[in-house]
Amino acid sequence: MSLRILLVEDEPGVVLTLSDLLSAEGYAVESALDGPTGLARAAGERFDLVILDVMLPGKSGLEVCRELRQQGKDVPVLMLTAKTRLGDRVTGLKLGADDYLTKPFEPPELLARIEALLRRVKQGSLAPILRYQFGDVEVDFERGEVFKSGAAVSLTGKELDLLRYLIQHRGRVVSREELLESVWDYNPGASSRTIDVHIAWLRQKLEQTPQDPKHIHTVRGVGYRFS
Ligand code: CA
């Protein structure tokens with residue numbers, strides 16, 4: 001049986017192009033042309049994946065994603081964002097999107113993201129992360145609270161965003177460029193050094209032995225990996 005994908009997008013040209021592309025890959029594609037319809041269908045039917053544009057009539061993709069998660073629906077969501085609206089990506093991930101793609105994108109890139117998401121579903125590593133526990137650390141992303149051995153630890157918003165991204169992509173190497181794009185939104189004031197400093201702070205606050213981290217690993221020459 002084909003995997004079912006719901007495409008929520010209001011631009012007919014994009015709907016047509018993507019539907020053709022995905023059908024050719026063997027997916028069963030359904031489309032919804034506005035936010036409310038997209039939400040109703042994503043919440044009421046069984047889809048393997050939802051591709052959600054941010055700019056939609058009726059209800060934005062961000063609202064659709066938030067309401068979907070609030071209803072306890074954990075269908076994987078791939079958000080489509082515009083390059084000119086950088087904040088949407090981080091907001092989208094915070095609201096429960098599993099990944100995002102910046103428009104315009106090349107078809108192979110979309111297919112690769114979809115495959116990666118579906119692989120993560122298979123591995124059972126995709127449930128939207130609201131709480132997460134590792135070692136003696138407990139993170140409540142919804143409330144923005146972190147506890148280590150039961151004692152509250154204070155993390156800055158950026159540290160929490162970084163930790164969330166690493167945990168969401170746990171088990172794989174995340175490059176500094178990816179973090180600059182996804183967590184810092186290409187902020188011109190941020191550099192590789194910014195990331196390294198934040199990683200050091202996270203380790204200082206959360207690792208038992210910051211010099212010998214057990215969770216936030218450095219992958220030399222590439223980036224970081226959470227495990
Ligand atoms: Ca749109």
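Judged by distance alone, the side chain of Ser23 and the main-chain N or O of Ser19 form a donor-acceptor pair under 3.5 Å.
Residues satisfying the salt bridge (charged side-chain N to carboxylate O under 4.0 Å, His left out) criterion with Glu145, sequence neighbours excluded, are absent altogether. Legend: residues meeting ring-ring contact (aromatic ring centres under 6.0 Å, His included) with Tyr27, ordered by chain and number and at least two apart, are absent. Listed by chain and residue number, nothing satisfies the salt bridge (charged side-chain N to carboxylate O under 4.0 Å, His left out) test with Glu25 (two or more places apart in sequence, or in another chain). Under the side-chain contact (heavy atoms from CB on, under 4.5 Å) criterion, Ser154 pairs with no residue at all, not counting sequence neighbours. Scored by the salt bridge (charged side-chain N to carboxylate O under 4.0 Å, His left out) test, Asp196 finds Arg176 as partners (sequence neighbours excluded).
Checked for salt-bridge contact, Asp136 and Lys148 meet the test: a charged N lies under 4.0 Å from a carboxylate O. One finds no salt bridge joining Glu207 and Lys214 here, because no Lys/Arg side-chain nitrogen approaches an Asp/Glu carboxylate oxygen to under 4.0 Å.
A distance of 7.0 Å separates OG in Ser182 from NE2 in His169, rounded to the nearest 0.5 Å. Here the straight-line distance linking atom CZ of Arg119 with atom CD1 of Ile114 works out to 12.5 Å at 0.5 Å rounding. Taking CD1 from Ile5 and CG from Asp48, the interatomic distance works out to 8.0 Å, rounded to the nearest 0.5 Å. Note that CD1 of Ile216 and CD1 of Ile167 are 8.0 Å apart. Values are rounded to the nearest 0.5 Å. Atom-to-atom distance recorded for Asp10:CG and Ser31:OG is 11.5 Å, nearest 0.5 angstrom.
Relative orientation of the Trp201 and His198 rings is perpendicular, given thresholds of 30° and 60° on the angle between their planes.
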Run Trp184 and Leu162 through side chain to side chain contact (heavy atoms under 4.5 Å, CB included) and show every step you take.
CA-CA 9 Å; Trp184 272 267; Leu162 175 60; 4.2 Å; yes
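Leu155 places a side-chain heavy atom less than 4.5 Å from the side chain of Leu202. Here the side chains of His215 and Val137 are not in contact, with every heavy-atom distance at 4.5 Å or above.
Annotation: salt bridge (charged side-chain N to carboxylate O under 4.0 Å, His left out) contacts involving residues 32-41, sequence neighbours excluded, comprise Glu30-Arg41, Arg41-Glu45.
Both Val14 and Phe105 belong to a common hydrophobic cluster when Ile, Leu, Val, Met, Phe, Trp and Tyr are linked at side-chain heavy-atom distances under 4.5 angstrom.
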